[in-house]
Amino acid sequence: MNIKELNSKKTPIVTIDKSLEKFKKQPLFQDKVDKANEILRNVGLPKKKKHYS
Amino acid sequence: MKLPKYPLKAEKSLMVFEFTSEGPKGKIKKLVKYSETNLKDLYNLAFGDKDNVTGEINDSTISNNGDSDMVLATVVATVYAFTDKYPDSWVFATGSTKARTRLYRIGISKYLLEIKRDFQVFGLKDEEWEPFEKDVVYEAFLVKRK
């Protein structure tokens, strides 16, 4: 892939940083995760319809 | 979406990203995290400011660094990176306050046509998911890569 193709992609170039590994195990934003779980318990996923665009 | 974005760092599983917002308030590190939920392949997206001194992450501070469009574009870039790696995943997001949820809704609405080229986009209204539409107030958002 050349530079022009890279620049036109929507997926960003990401630099891997091992120092961020520690945040993976930390319970960050736990209140939002709890809220998400509560919503999802009540609502679930979108119902499948054929005409989603 | 060819909007200006901040450079991104991440750990190798692409569940945690970091970037630095730059503006009148100086440099503010931001952390984006994709967390597993109780539903398989469904992840909660959240992001907040990283305290330069303590390293603590806070999603309720209002940094007002004059770059909200660029911050949102950078967060959207992480959604592309994450769903590239986990193509079957759903990504759930909501704001820590109603005002923030509104800000995210405005951001999605602004680029809805482009986002919908790559994602199915849903909004939560009255305890039901519906295809996202502009000018509708939603409590939360859900996207899946096409």
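We name chains A, B, ... by the order of the sequence lines, and we start the count at 1 in each one.
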Kindly work out whether a path of hydrophobic side-chain contacts (I/L/V/M/F/W/Y, heavy atoms less than 4.5 Å apart) joins B:Val136 to B:Phe119. yes

The interface call for B:Lys85 against chain A, heavy-atom contacts under 4.5 Å, is neither

Could you measure the distance from the CD1 atom of A:Ile39 to the CG atom of B:Leu39? Nearest 0.5 Å is fine. 12.0 Å

For residues B:Thr83 and A:Thr11, determine if any side-chain heavy atom of one lies less than 4.5 Å from a side-chain heavy atom of the other. no

Answer yes or no: are there more than 12 heavy-atom neighbours, outside A:Gln30 itself, under 6.0 Å from its atom CD? yes

Side-chain donor/acceptor of B:Lys12 to backbone N/O of A:Glu21, under 3.5 Å: no

Quick check on the interface: out of B:Tyr34, B:Phe19, B:Phe17, B:Phe47, who has the most heavy-atom pairs with chain A under 4.5 Å? B:Phe47

Mind checking the CD-NZ spacing from B:Glu128 to A:Lys47? Nearest 0.5 Å is all I need. 5.0 Å

Most heavy-atom pairs under 4.5 Å with chain A, out of B:Ala10, B:Ala81, B:Ala140, belong to B:Ala10

A:Asn37 and side chain to side chain contact (heavy atoms under 4.5 Å, CB included): which partner among B:Leu42, B:Thr37, B:Asn44? B:Thr37

Among the clusters formed by ILVMFWY side chains lying less than 4.5 Å apart, do B:Phe82 and A:Val33 turn up in the same one? no

Are the charged groups of A:Lys22 and B:Glu11 less than 4.0 angstrom apart, N to O? no

Report the distance from atom CE of B:Met15 to atom CZ of A:Phe23, rounding to the nearest 0.5 Å. 15.0 Å

Indicate yes or no: at least one non-hydrogen side-chain atom of B:Ser35 is less than 4.5 angstrom from one of A:Leu28. no

Can you tell which part of B:Glu139 gets under 4.5 Å to a heavy atom of chain A, answering side chain, backbone, both or neither? neither

Single-linkage hydrophobic cluster B:Tyr104~B:Tyr43, side-chain heavy atoms < 4.5 angstrom: yes

To the closest 0.5 Å, what do you measure between CG (B:Leu8) and CD1 (A:Ile13)? 10.5 Å

Donor-acceptor contact present, side-chain B:Trp129 to main-chain A:Gly44, <3.5 Å: yes

May I ask you to test the B:Asn38-A:Leu40 pair for a side-chain heavy-atom distance under 4.5 Å? no

Cluster overlap B:Ile106 with B:Met70, hydrophobic side-chain contacts below 4.5 Å: no

Interface check, chain A: of B:Leu45, B:Leu124, B:Leu31, most non-hydrogen pairs under 4.5 Å belong to B:Leu31

Can you pull out every salt bridge (charged side-chain N to carboxylate O under 4.0 Å, His left out) where at least one residue sits in residues 23-42 of chain A? Sequence neighbours excluded, please. none

Contacting moiety of A:Leu45, where chain B heavy atoms sit under 4.5 Å: both

Given side chains that start at C-beta, do those of B:Ser96 and A:Phe29 come closer than 4.5 Å, heavy atoms only? no

If you look only at pairs with a residue in residues 64-74 of chain B, which of them pass as a salt bridge (charged side-chain N to carboxylate O under 4.0 Å, His left out), with sequence neighbours excluded? B:Asp69-B:Lys110

